[in-house]
Amino acid sequence: MPQPRATAAPVYALVDCNNFYVSCERAFDPSIRTTPTVVLSNNDGCVIARSPEAKALGIGMAEPAFKREGFFRQHGVRVFSSNYALYGDMSRRVMDILGSFSPDMEVYSIDEAFLRLRPVTGRSLTDLACEMRRTVHQWTGIPVSVGLAPTKTLAKLANHWAKKHTASGVFDCAACADVDALLERIDVGEVWGIGRRYADKLHRLGVHTARQLKDRPDHWVQRRLTIKGLMTVKELRGQPCIPIEDAPPPHKSIMSSRSFGRPVTTWDEMLEAVSAYTARTAEKLRRQGSVASSVMVFIKTNHHKPEDPQYSATRTMQLPVASAHTPTLIKAAQTLLRAIFRTGYRYCKAGVMVAGLEREDSRQLSLLTLPPDPLLAQDPRQDALMETLDGINAKWGRDTVQYAATGLGKPWSMRQNHKSPRYTTSWNELPVVKMG
DNA sequence: TCTGGGGTCCTAGGACCC
DNA sequence: TCTGGGGTCCTAGGACCC
């Protein structure tokens, strides 16, 4: 048993929900607790979460679902469409609980958080981690694993180790007498910050394990993996380089894009889809309190179907005055789309991105636009209108009020043929408990 | 023979993460 | 019929400035 630490050196915990999306489905449907289960990406495209039983059947991450349909049926695999209303809400509950264990928390993704833990007299951090795990499971039904280490990169590895090799679901690097021996057993590609490309490159250079990477000289690492790679290596050596970000910095760009549920071929449908994505982008922009100074639109055909004629195009426009006003952005996006849209293609995807984001309260006015236009662009009525729109939609649900340009039927919208109810966020879809 | 030196800004491409 | 969506950062190279 590791002893309570006497020093003030920070210890990082990485808490990661096990098979998060599957665990969310299971929390509300006990009948699938031991059934092989998968969750698909948007548009029911590929597998993005697998239960242990599904993994054991050999179902891979990111496998296209349509190729596995027969297999799923044959093995009784339960299949779910992504239900982000549910996962987002469950995530918030888990994070609330974790936040009560440490004020220094970074919510790193929908299913992961880093915590900086302070040693408590008379109690080991492993013990504390076990309590976190118990509490989250008891209060939400979501199983989590915890890795403890002196750096975030090592905490990631410790978490990985906890999932694979412990029954407790908790692993503390400090409890390990020989960290080098452990790093020797970990493939370099499993290190946080080393993706597929770098892993291939490192293997070609004779670096196969986390230990070997850790022992390369700084200049060797920086030349091949850039400054970021060097930070990763220093963290493997136990030297913290990547701080906790407790307040996430505002986004520098915001995108909305979707694959279509079926190919889009007409101008009218494409215009509707791009307008709808723009409206969504504008909402996200306002939620962050930002305005955008440029708009980008892209459209593309399906490159998985080489027998179809292929086309893809992107176009960007600078706005004279940064804006988060939906009609202004829709107008810009429509102009861009008009410039790149070609008939005769079966489009599979489109998207809208805004960039050059500034805080709404400190935006630059245009030098070039003569009065009264700057006043018009700053019309306070625009802001008031958007506020009202967002308020109504927040209260009564998304798209209670929407722009006509974004379409009503949305025949191009994504497939979601296996969606579970929004158990926790919709009154009409609450789970029903039957008293025996 | 010999073609400065230092800086900024922008873009494209490539890598990573979940 | 059919292969996700949404981000960030770094580097190199070119344009341009004095």
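Just so it is clear, the values below take in all heavy atoms, side chains as well, and ignore hydrogens, waters and symmetry mates. Just so it is clear: chains get the letters A, B, ... in the order the sequence lines come, proteins before strands, and each one is counted from 1.
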Visitor: Could you give me the CA-CA distance, side-chain angles and deciding distance for A/Lys156 and A/Glu235, then say whether salt bridge (Lys or Arg N to Asp or Glu O under 4.0 Å) is met?
Guide: CA-CA 11 Å; A/Lys156 274 280 216 182; A/Glu235 288 233 323; over 6 Å; no
Visitor: Give a yes or no on whether a salt bridge exists between A/Asp44 and A/Arg415, defined as a side-chain N under 4.0 angstrom from a carboxylate O.
Guide: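 No.
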Visitor: Centre of A/Phe71's six-membered ring, under 6.0 Å away, within 45 degrees of the axis: is that where NZ or CZ of A/Arg68 sits?
Guide: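 Yes, a cation-pi geometry holds between A/Arg68 and A/Phe71.
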Visitor: With a 4.0 Å cut-off, would you call A/Asp200 and A/Arg204 a salt bridge?
Guide: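 Salt bridge: no.
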Visitor: Are the side chain of A/Thr140 and the backbone of A/His137 linked by a donor-acceptor contact shorter than 3.5 Å?
Guide: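 No; zero donor-acceptor contacts below 3.5 Å.
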Visitor: Find the distance between OG1 (A/Thr281) and CD1 (A/Ile330) and round it off to the nearest 0.5 Å.
Guide: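 Reported value, rounded in 0.5 Å steps: 10.0 Å.
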Visitor: Among residues 201-233 of chain A, which residues get a heavy atom nearer than 4.0 Å to DNA chain B?
Guide: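 Heavy-atom cutoff 4.0 Å gives no residues at all.
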Visitor: Heavy atoms within less than 4.0 Å of DNA chain B: which residues of residues 88-109 of chain A have one? Give them sorted by number.
Guide: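 Within residues 88-109 of chain A, the residues near DNA chain B are A/Tyr108, A/Ser109.
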Visitor: Distance check, rounded to the nearest 0.5 Å: A/Arg262 atom CZ versus A/Thr265 atom OG1?
Guide: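 With rounding to 0.5 Å, CZ (A/Arg262) is 7.5 Å from OG1 (A/Thr265).
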Visitor: Using a 4.0 Å heavy-atom cut-off across all strands, classify A/Arg262 as base, sugar-phosphate, or nothing.
Guide: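 Nothing, no nucleic acid heavy atom in range.
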Visitor: Taking any heavy-atom pair under 4.0 Å as a contact, classify A/Leu40: base, sugar-phosphate, or nothing.
Guide: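 Touches nothing.
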Visitor: Going 5' to 3' along DNA chain C, between which two nucleotides do contacts with chain A fall, using a heavy-atom cut-off of 4.0 Å?
Guide: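 Endpoints of the contacted stretch of DNA chain C: C/dC2 to C/dT11.
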Visitor: Using a cut-off of 4.0 Å on non-hydrogen atoms, how would the nucleic acid contact of A/Glu112 be classed: base, sugar-phosphate, or nothing?
Guide: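 Sugar-phosphate, no base atom in range.
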Visitor: Would you mind telling me which residue lines up with the more 5' stretch of DNA chain C, A/Ser257 or A/Asn43, judged by nearest nucleotide?
Guide: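 Result of the comparison: A/Asn43.
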Visitor: Looking only at atom types and distance, does a side-chain atom of A/Thr335 sit under 3.5 Å from a main-chain N or O of A/Lys331, one as donor and one as acceptor?
Guide: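 It does hold such a pair.
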Visitor: Quick one: label A/His251 by what it contacts on the DNA or RNA (base, sugar-phosphate, nothing), any heavy atom closer than 4.0 Å.
Guide: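 Answer is sugar-phosphate: A/His251 comes under 4.0 Å of backbone atoms only.
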Visitor: NA contact type, A/Ser253, heavy-atom cut-off 4.0 Å: base, sugar-phosphate, or nothing?
Guide: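 Result for A/Ser253 = sugar-phosphate.
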Visitor: With heavy atoms under 4.0 Å as the rule, sort A/Asp111 into base, sugar-phosphate or nothing.
Guide: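 Here A/Asp111 touches the backbone only, sparing every base.
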Visitor: Considering only the C1' atoms, how many Å lie between C/dC16 and B/dG4, rounded to the nearest integer?
Guide: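 16 Å, rounded to whole Å.
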Visitor: Does A/Arg286 pair with A/Asp383 as a salt bridge, N-O distance under 4.0 Å?
Guide: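 Here A/Arg286 does not pair with A/Asp383 in a salt bridge, since their nearest N and O are not under 4.0 Å apart.
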Visitor: For A/Lys284 and for A/Arg415, find the nucleotide of DNA chain C with the closest heavy atom, then tell me which residue's nucleotide is more 5'.
Guide: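 On the 5' side of the pair lies A/Arg415.
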Visitor: Hey, what's the ring geometry for A/Trp412 with A/Phe260, parallel, tilted or perpendicular (30° and 60° as the breaks)?
Guide: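 Perpendicular: the ring planes of A/Trp412 and A/Phe260 meet at over 60°.
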Visitor: Let me have DNA chain B in dot-bracket notation, would you? Count Watson-Crick plus G-U wobble pairs, both distances under 3.5 Å, and use [ ] for pairs crossing earlier ones and | for inter-strand partners.
Guide: ....||||||||||||||
Visitor: I want to check a possible cation-pi pair here: A/Lys152 against A/Tyr12, using under 6.0 Å from ring centre and within 45° of the ring axis as the test.
Guide: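 Output no; distance or angle outside limits.
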Visitor: Checking A/Arg422 now: which residues fulfil salt bridge (charged side-chain N to carboxylate O under 4.0 Å, His left out) with it, not counting sequence neighbours?
Guide: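 Counting only residues at least two positions away or on another chain, A/Arg422 forms a salt bridge (charged side-chain N to carboxylate O under 4.0 Å, His left out) with A/Glu429.
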Visitor: Does this structure show an ion pair linking A/Lys214 with A/Asp180, if we count only N-O contacts that are shorter than 4.0 Å?
Guide: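 Answer for the salt bridge query: yes.
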Visitor: Write out all pairs satisfying ring pair (Phe, Tyr, Trp, His ring centres under 6.0 Å) with one or both partners inside residues 290-325 of chain A, taking only residues at least two apart or from two chains.
Guide: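 Passing the test, one end in residues 290-325 of chain A: A/Tyr311-A/Tyr345.
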